[in-house]
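Below you'll find the structure, written out as structure tokens, and then a few comments.
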2 protein chains.
Amino acid sequence: MKAEPVKDEDESKGRRLKGVDAQKLTMAEVAKYVGVSAMTVSRAFRQDASVSEETRKRIMEAVDALGYVLDLSAGSLSSRRSGFIAALVPSINNSNFSDTARGITDALENTGLQLLLGYTDYSAEKEEKLIEAMLRRRPEGIILTGGSHTDRARRMLDKAGIPVVETWEIPEEPINHVVGFSNSEAMSLLVRALASQGYRRFGYIGGTTARDTRGSQRRSGFLKTVEELGLGPGRAISFGVPPITMEQGGQAVVSLLERWPDTEVVLCVSDLSAFGAIMECKRRGMRVPEDIAIAGFGDYEISSICHPSITTINVDCYGIGRQAAAKLLDAMQAGGEATGDEITLTGYRVVLRESTERGAR
Amino acid sequence: MKAEPVKDEDESKGRRLKGVDAQKLTMAEVAKYVGVSAMTVSRAFRQDASVSEETRKRIMEAVDALGYVLDLSAGSLSSRRSGFIAALVPSINNSNFSDTARGITDALENTGLQLLLGYTDYSAEKEEKLIEAMLRRRPEGIILTGGSHTDRARRMLDKAGIPVVETWEIPEEPINHVVGFSNSEAMSLLVRALASQGYRRFGYIGGTTARDTRGSQRRSGFLKTVEELGLGPGRAISFGVPPITMEQGGQAVVSLLERWPDTEVVLCVSDLSAFGAIMECKRRGMRVPEDIAIAGFGDYEISSICHPSITTINVDCYGIGRQAAAKLLDAMQAGGEATGDEITLTGYRVVLRESTERGAR
DNA sequence: AGGCAGGATGATATCGATAACAATCTGAAG
DNA sequence: CTTCAGATTGTTATCGATATCATCCTGCCT
């Protein structure tokens, strides 16, 4: 019986304990310390609840003194609100998507909601697994990238009964809400802008696999528009597995120019591959845009800084995140009522820069 | 009274319900459906537990048929294991840190652990808030970037009784475990490498505020080494608030060259600012490295692709994440016992590239 | 003086899983 | 035939907070 205090003293002098005696603190103990009930402590942690200012102050002092930290997992069980939002992006290493993630996080600030972030690596199977993993935490809403999901994923989402926001494109069969834009039309706009500058022989770099649906849409937008403008069949080549890296962009432009040496302008599935293509051209002594014009997609930071600066489509990545989160919050508040599944179109615009300047020719 | 069933029917034909009747499914109901106890269902979800293969199969079929999804928040309450790992990085838009985040995520795969990711925006105050928010979810371990934390943050971490891993630098007073390297020595190595190539007049771009401690350490490593080599006082300038962007890198190099026109080589706090500096120089008609040599830090993808390719320090960002997570897992398994607070040094190396080539001069 | 609204606080049941222990069953050993 | 180890399954209490309803008190109105 007397062993315990001795042990305590002993350990307190050494390394801090781990899970031995630390963090055992519960709300009830704080309550006892203050001389109120646990319920009152619970109320003190929320701003809306009715606790006298004086009591709240005493409680918070005790919380501070004892070092108590609220346990949300216990709370969410009884309140039936997990306080989680899930979001899945293809990759967090792609700054377009990390901008979106940041938009989501920022929109969630001060809502008390915690973001559960996952990355699918552009795979629908991985997405399915992640969706299940996320749903096990009972998120109150979920944000996805793109509109292609496995059947099981769709079923799980349906059954979960929480609002879903799909982003970054316009799915053919939206699950619920959508915040995005037509990648096909955006690419089309870029083709037309360059055609109106006098470009005629268009090349394209970017895959077509089901993995990157946005990439495929951009590609088909390119092909369709080149056709519509009567500029012959577009010269499109794929290279590697999406997402295409900078390096692959460089390799791809070489292949493309070998095959169609008279190509005037090359559009790329993203700024990253465009950057790689430009750098490779320069390395080989070609001038951009004098010898070959190159454009990207996404308006990454790199594109405005690069020399030559890169013509691209600016997408409001951050805004997509913010709006998706805002929409989710709306839907969550509305509960099951109304809030029809709307499609929010986000803007995009052509940004003409040095890499496709026509004058220099 | 009769309005309700009508409404129900009505809704079931339209949009799916949200939280009305969905997701009410509990383990007990699955159990009843199969004809076993809830405990058996619970066991069936874990591989180790003893459930006959036949029963498990029947249960899993029922789970599938009913669309049941495990509720981990309930489980973690009774098992006292949240299944969470928390990680805080300065920014997720910086590919160095997102690489680390990916390393952590990958290391966590198949452990059943879920990553809670937060970004501090290089602010210790924001970090403190995030730590509290994370601790409310009772993570089983936490990974931090850097070693400067507020007092309250340190106290909370201490009290939490969970393993902590600090990364990306070597703190003076480590909390617990460390996975990182000396930013000062790494920068020093780069200075010496360039000095041995014959460079004498060194410039530096990068801030010194407490916000970015790694940046400050690199700067002081630079200044110290230049001094040690007898190469006069280093020409260091700050620019903007860390983290320095590509654009600021460009502005900074202009200021630096205005002030010290005969500078031979400019070292930058990161590849991003180095890239901005190089592009700005080229835009102004300067040749890199012939007129001015420039080096970065971090070996971002951009640096090997860029023309000229950028001399830098390669850091194993991904490995830092993996190792930090591995260390955390070790410490978690060990519980409170042993597992001294070790420091794991991660490697770095100078990568000489075109941007500091000497021959061309 | 009585009554009552409304603020502050407390008591108790509960959220949905799991820990811990009990019970049952099977087959093999004695 | 009995016994017992080991495999399988069930029962009950519990994790730590919150929903809900009950209680108490104060002050104001009639």
Side-chain angles (χ1 to χ4, degrees), chain A residues 19 22-60 62-63 66 68-84 112 114 135-140 160-161, chain B residues 19 22-60 62-63 66 68-84 112 114 135-140 160-161:
Chain A
Q23 200 58 287
K24 253 194 189 165
L25 218 49
T26 152
M27 204 172 246
E29 297 176 64
V30 177
K32 199 162 75 180
Y33 183 90
V34 181
V36 296
S37 73
M39 198 59 233
T40 303
V41 176
S42 172
R43 289 190 181 106
F45 269 99
R46 284 175 293 203
Q47 25 155 254
D48 61 309
S50 62
V51 183
S52 75
E53 225 17 83
E54 200 259 330
T55 308
R56 163 172 283 134
K57 192 162 143 270
R58 269 170 49 221
I59 290 175
M60 283 313 165
V63 164
L66 298 173
Y68 171 73
V69 176
L70 199 56
D71 185 334
L72 291 182
S73 48
S76 64
L77 185 58
S78 65
S79 70
R80 303 163 128 311
R81 298 199 52 220
S82 68
F84 283 123
Q114 163 78 46
L135 289 181
R136 289 183 168 189
R137 299 289 181 179
R138 297 291 186 269
E140 300 177 37
Chain B
Q23 201 59 287
K24 252 194 189 162
L25 219 47
T26 153
M27 205 173 245
E29 298 177 65
V30 176
K32 199 162 74 178
Y33 183 90
V34 180
V36 296
S37 74
M39 197 59 231
T40 303
V41 176
S42 173
R43 288 189 182 108
F45 269 99
R46 284 175 293 203
Q47 24 156 254
D48 61 307
S50 62
V51 184
S52 75
E53 224 16 82
E54 200 259 329
T55 309
R56 164 172 284 135
K57 191 163 145 270
R58 269 169 50 220
I59 290 175
M60 283 314 166
V63 164
L66 298 173
Y68 171 72
V69 176
L70 200 55
D71 187 333
L72 292 181
S73 48
S76 64
L77 184 58
S78 66
S79 71
R80 304 163 127 311
R81 300 198 50 219
S82 68
F84 283 123
Q114 164 78 47
L135 289 181
R136 289 183 169 190
R137 300 286 180 180
R138 297 291 187 270
E140 300 176 38

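The structure displayed is predicted, hence computed values, not measured ones. Protein chains get the first letters and strands the later ones, always in sequence-line order, with residue 1 at the start of each.
- In this structure, A:Arg81 atom CZ and D:dA19 atom C1' are separated by 14 Å, rounded to whole Å.
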Go along nucleotides 5-13 of chain C 5' to 3' and tag each nucleotide: B for a protein heavy atom under 4.0 Å from its base, S when only backbone or sugar atoms are that close, - otherwise. ---SBBB--
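- Protein atom CD of B:Glu29 is 13 Å distant from nucleotide atom C1' of C:dC15, rounded to whole Å.
- Minimum heavy-atom separation, B:Ala44 to B:Val51: N-CG2, 3.9 Å.
- Side-chain N or O atoms of B:Glu140 include one that pairs as donor or acceptor with a backbone N or O of B:Gly83 at under 3.5 Å.
- Checked options A:Thr55, A:Val30, A:Val34, A:Thr26; the residue passing with A:Val41 is A:Val30 (criterion: side chain to side chain contact (heavy atoms under 4.5 Å, CB included)).
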Mind running side chain to side chain contact (heavy atoms under 4.5 Å, CB included) on B:Arg138 and A:Leu72 for me, showing each step along the way? CA-CA 8 Å; B:Arg138 297 291 187 270; A:Leu72 291 182; over 6 Å; no
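- Distance, B:Arg80 CZ to D:dA17 P: 10 Å, rounded to whole Å.
- B:Thr26 has no side-chain polar atom (N or O) that falls below the 4.0 Å cut-off from OP1 or OP2 of C:dC15.
- Nucleotide D:dT14 holds its P atom 20 Å from the CE atom of B:Met27, rounded to whole Å.
- Nucleotide D:dT14 holds its P atom 14 Å from the CG atom of B:Leu77, rounded to whole Å.
- Put simply, CZ on A:Arg46 is 6 Å from C1' on D:dT18, counting in whole angstrom units.
- Taking a 6.0 Å sphere around CZ of A:Arg58, one finds it holds more than 12 heavy atoms contributed by other residues, nucleotides or ligands.
- Atom CZ of A:Arg138 is separated from atom P of C:dG16 by 9 Å (rounded to the nearest Å).
- Between the P atom of D:dT18 and the CG atom of A:Asp71 lies a distance of 9 Å, rounded to the nearest Å.
- Taking every heavy atom of both residues into account, B:Ala74 and A:Leu77 meet most closely at CB-CD1, 3.7 Å.
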